[in-house]
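To start, the structure itself, in structure tokens.
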Amino acid sequence: MTDRKQLELDKRYMRMAFIWSENSYCKRRQVGAILVKDKMIISDGYNGTPSGFENVCEDEQNVTKPYVLHAEANAITKVARSNNSSDGATLYVTSSPCIECAKLIIQAGIRRVVYADSYRLSDGVELLKKANIELISVDL
């Protein structure tokens, strides 16, 4: 596939990740993730509370509750419960991964991460670079 076609495909999936982020109940920041393998979406996720918890991400001081899951973690754990494998997949996420999500990405065998916005900390991106995971920043 040519670089131009790949970039157009990356932008298309990224737009889908942004749409998916709208499902988040988090007020401070809504993040969406789409996991793609062989041009098929195999999982998706958005930031929020674990299943069975109330859909409130922030406390009274507008601080994110410690048990809120990131979009990447939700997409990775969702694919783990399916018959699909994330080995060799591409993760499209609206914000660059934090260090904890970067560890999950590495362990899940994801080979590419495409993101739009930069997270406030860059340690996750640095860890992914160290693991030789292809990182693409796209501007929509």
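What you see below is based on every heavy atom in this structure, not just the backbone, and it leaves out hydrogens, waters and symmetry mates. Numbering starts at 1 and runs along the sequence shown. Bear in mind the structure is a predicted one, so any value in this text is a computation, not a measurement.
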- Task: Please check if atom CZ in F18 has more than 12 non-hydrogen atoms from other residues, nucleotides or ligands closer than 6.0 Å.
- Result: yes
Checklist entry - Are V113 and I106 connected in a single hydrophobic cluster, I mean Ile/Leu/Val/Met/Phe/Trp/Tyr linked by side-chain heavy atoms less than 4.5 Å apart? => result yes
Practice item. Check whether any side-chain N or O of E58 sits under 3.5 Å from a backbone N or O of K27 as a donor-acceptor pair, and report yes or no. Key: yes
Could you tell me whether the side chain of S43 and the main chain of A75 form a donor-acceptor pair under 3.5 Å? yes
Heavy-atom closest pair (P97 atom, L128 atom, distance to 0.1 Å) is CG-CD1, 3.9 Å
query: Between V93 and L121, is there a shared hydrophobic cluster once you connect ILVMFWY residues whose side-chain heavy atoms come closer than 4.5 Å?
result: no
Taking the side chain as every heavy atom from C-beta outward, state whether M16 and I41 have any atom pair closer than 4.5 Å.
yes
Heavy-atom closest pair (Y92 atom, Q6 atom, distance to 0.1 Å) is OH-NE2, 4.0 Å
Looking at N62, I'd like to know if its CG atom is crowded, meaning that more than 12 non-hydrogen atoms belonging to other residues, nucleotides or ligands lie closer than 6.0 Å. yes
What one should report as the nearest heavy-atom pair of S86 and A108 is OG-O, 2.7 Å
Is D3 atom CG crowded by more than 12 heavy atoms from other residues, nucleotides or ligands, each under 6.0 Å away? no
Residue pairs meeting disulfide (SG to SG under 2.5 Å), one or both in residues 48-102, sequence neighbours left out, come to C26-C57
By salt bridge (charged side-chain N to carboxylate O under 4.0 Å, His left out), R112 pairs with (sequence neighbours left out) D10, E134
Q) According to a 4.5 Å side-chain heavy-atom criterion applied to Ile, Leu, Val, Met, Phe, Trp and Tyr, with indirect links allowed, do M14 and W20 form part of one hydrophobic cluster? A) yes
So CG of L69 and OH of Y46: to nearest 0.5 Å the spacing works out to 11.0 Å
To the nearest 0.5 Å, atom OG of S21 lies from atom CD of Q30 at 5.5 Å
Query raised in the report: Transitively linked via ILVMFWY side-chain contacts under 4.5 Å: V36 with V114?
Result: yes
Decide whether S95 and R29 meet the rule of one side-chain donor and one side-chain acceptor closer than 3.5 Å.
yes
Rounding to 0.5 Å, atoms OG (S122) and CG (L127) come to a distance of 11.5 Å
In terms of heavy-atom contacts, K37 and A89 come closest through CB-CB, 4.1 Å
Between the CG atom in N47 and the OG1 atom in T94, the distance rounded to the nearest 0.5 Å is 7.5 Å
| said: According to a hydrophobic-cluster definition based on side-chain heavy atoms being under 4.5 Å apart (Ile, Leu, Val, Met, Phe, Trp, Tyr only), do I105 and L135 belong together? | reply: yes
key: Ion pair check, K5 and E8, cut-off under 4.0 Å   = no
What one should report as the nearest heavy-atom pair of V125 and S96 is CG2-CB, 3.7 Å
So CD of E54 and OG1 of T49: to nearest 0.5 Å the spacing works out to 6.0 Å
Between R15 and L140 the two heavy atoms that sit nearest each other are CG-CD1, 4.0 Å
In this structure, CD1 of I34 is separated from CG of D44 (nearest 0.5 Å) by 5.0 Å
The single option from I76, V79, T90, L104 that satisfies side chain to side chain contact (heavy atoms under 4.5 Å, CB included) with I110 is I76
